[in-house]
Amino acid sequence: MMTTTSILAATIAAVAAAALPSSATAATPAPTCTGAPSYLVSFHFRWSQATHPDSFVPSAHFSPIVVAAHTAAYTMWLPAGYATPGMKDVAETGSTAALSTSLAEYEAAGHVSSWGTGAPAAVPPFSTETLTVQVNGTSGASLLSGSSMLAPSPDWFVGMSRVELCNGSTWLTAARGRLALVDAGTDSGTTLTAVDVATVPPTAIREFGAFDFPQLGRGYGTWVAEKI
Ligand SMILES: *[C@@H]1O[C@H](CO)[C@@H](O)[C@H](O)[C@H]1NC(C)=O
Ligand SMILES: *[C@@H]1O[C@H](CO)[C@@H](O)[C@H](O)[C@H]1NC(C)=O
């Protein structure tokens, strides 16, 4: 009998395999970077009345960011997969407690080389600032994932998933991208301030289309990882 956890792991593995073009799977050798480089990972948030005139509320903010360097055996979140209890909490409430517990377990098992959290400063603005945390890769743990709740919202978060920091046998000096806006699939609200409506059963994690509410053609910022 499969446990819920093993079904989830199998689903994530199947989704991860399906997401790779078959030619890339066959042609790209596994990364072989050695050493334990440190990266400063920054989330540059961009959400204001000026940038999002039709999808902003005065209480707009982002929850503490969580960033991890990990092996292919760990998944923080993945489109078409299902939210873990930790990601459900991050997406719905911004709480990082359950996700942190899970990261510590994967770290103890050798699948997360390091992880960190960073909270907004005590002074506003909370929706246009930059948060930075340091994580260290290791041989075999060269994937980068991160997340932060778009708040208030039903279950929407921003982040990046499974970004490869090892190019062949060389650690990248820098990597960057836009912060993806994602629906965790656990709450059915459709507006930023909607009352909680649990989605039962949950639906798959889904990245918002560029012109879906609340993006409306505008992103929520960028991330950058710089080797130090
Ligand atoms: C990363 O490595 C540096 C240097 O060894 C160390 O000071 C730092 O605490 C490490 N950070 C984490 C999150 O493990
Ligand atoms: C990876 O390495 C190859 C070969 O050195 C190089 O051409 C390519 O630009 C590198 N990719 C990245 C993302 O740095």
Side-chain angles (χ1 to χ4, degrees), residues 2 5-44 65-84 86-87 90 96 99-118 130-148 157-180 182 204-205 207 221-228:
M2 287 184 99
T5 308
S6 65
I7 291 170
L8 181 64
T11 305
I12 289 169
V15 166
L20 288 171
S22 52
S23 56
T25 315
T28 309
T32 58
C33 291
T34 57
S38 294
Y39 284 88
L40 290 180
V41 182
S42 298
F43 281 33
H44 301 290
I65 67 175
V66 180
V67 178
H70 57 89
T71 72
Y74 174 76
T75 300
M76 184 180 287
W77 62 272
L78 201 62
Y82 288 90
T84 59
M87 279 309 301
V90 167
T96 60
L99 185 62
S100 297
T101 299
S102 167
L103 280 163
E105 288 167 2
Y106 275 89
E107 185 177 20
H111 297 308
V112 167
S113 62
S114 94
W115 57 282
T117 66
T130 293
L131 294 181
T132 300
V133 300
Q134 182 179 341
V135 295
N136 302 327
T138 54
S139 181
S142 55
L143 296 173
L144 182 72
S145 297
S147 57
S148 167
F157 66 93
V158 297
M160 84 292 265
S161 177
R162 300 172 77 93
V163 175
E164 180 57 79
L165 296 175
C166 173
N167 183 13
S169 59
T170 307
W171 292 98
L172 297 181
T173 52
R176 49 176 51 80
R178 83 197 153 75
L179 288 168
V182 184
I205 292 172
E207 190 173 340
T222 55
W223 62 269
V224 58
E226 292 167 299
K227 191 153 82 70
I228 54 174

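For the atom pair T75 OG1 and H70 NE2, the distance stands at 7.0 Å (nearest 0.5 Å). Note that OG1 of T132 is 13.0 Å distant from CH2 of W223, once rounded to the nearest 0.5 Å. Going from atom CG of N167 over to atom OG1 of T32 covers 10.0 Å, rounded to the nearest 0.5 Å.
Nearest heavy-atom pair, C166 versus E164, reported as atom, atom and distance to 0.1 Å: N-OE2, 2.9 Å. When all heavy atoms are compared, the tightest approach of W171 to S142 is CZ3-CB, 3.5 Å. The two residues A69 and A141 make their nearest non-hydrogen contact at CB-O, 4.2 Å. S100 approaches T117 most closely through the heavy-atom pair OG-CG2, 4.4 Å. Taking both residues in full, the closest heavy atoms of S113 and T138 are given as CB-OG1, 3.4 Å, listed atom of the first, atom of the second, then distance.
Residues E107 and S114 bring no donor and acceptor atom of their side chains to less than 3.5 Å of each other.
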Trace of the side-chain contact (heavy atoms from CB on, under 4.5 Å) decision for I205 with L78: CA-CA 7 Å; I205 292 172; L78 201 62; 5.9 Å; no
CA sep, side-chain torsions, deciding dist, call: Y74, L143, side-chain contact (heavy atoms from CB on, under 4.5 Å): CA-CA 9 Å; Y74 174 76; L143 296 173; over 6 Å; no
Stepwise side-chain contact (heavy atoms from CB on, under 4.5 Å) check, Y39 with L165: CA-CA 10 Å; Y39 284 88; L165 296 175; 3.9 Å; yes
V41 and M160: CA distance, side-chain angles, deciding distance, side-chain contact (heavy atoms from CB on, under 4.5 Å) verdict: CA-CA 11 Å; V41 182; M160 84 292 265; 4.1 Å; yes
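Checked against the 6.0 Å centroid criterion, the rings of F157 and W77 qualify as a close aromatic pair.
Checking side-chain atoms of T96 against main-chain N and O of L99 turns up no donor-acceptor pair under 3.5 Å. The backbone N or O of R162 sits less than 3.5 Å from a side-chain atom of S145, completing a donor-acceptor pair. Distance alone, capped at 3.5 Å, places no donor-acceptor pair between the S42 side chain and the H44 backbone.
When each of L179, V133, V224 is paired with F43, the side chain to side chain contact (heavy atoms under 4.5 Å, CB included) condition holds for L179 and for no other. Of the candidates Q134, K227, E226, Q134 is the only one forming a side chain to side chain donor-acceptor pair (under 3.5 Å) with S38.
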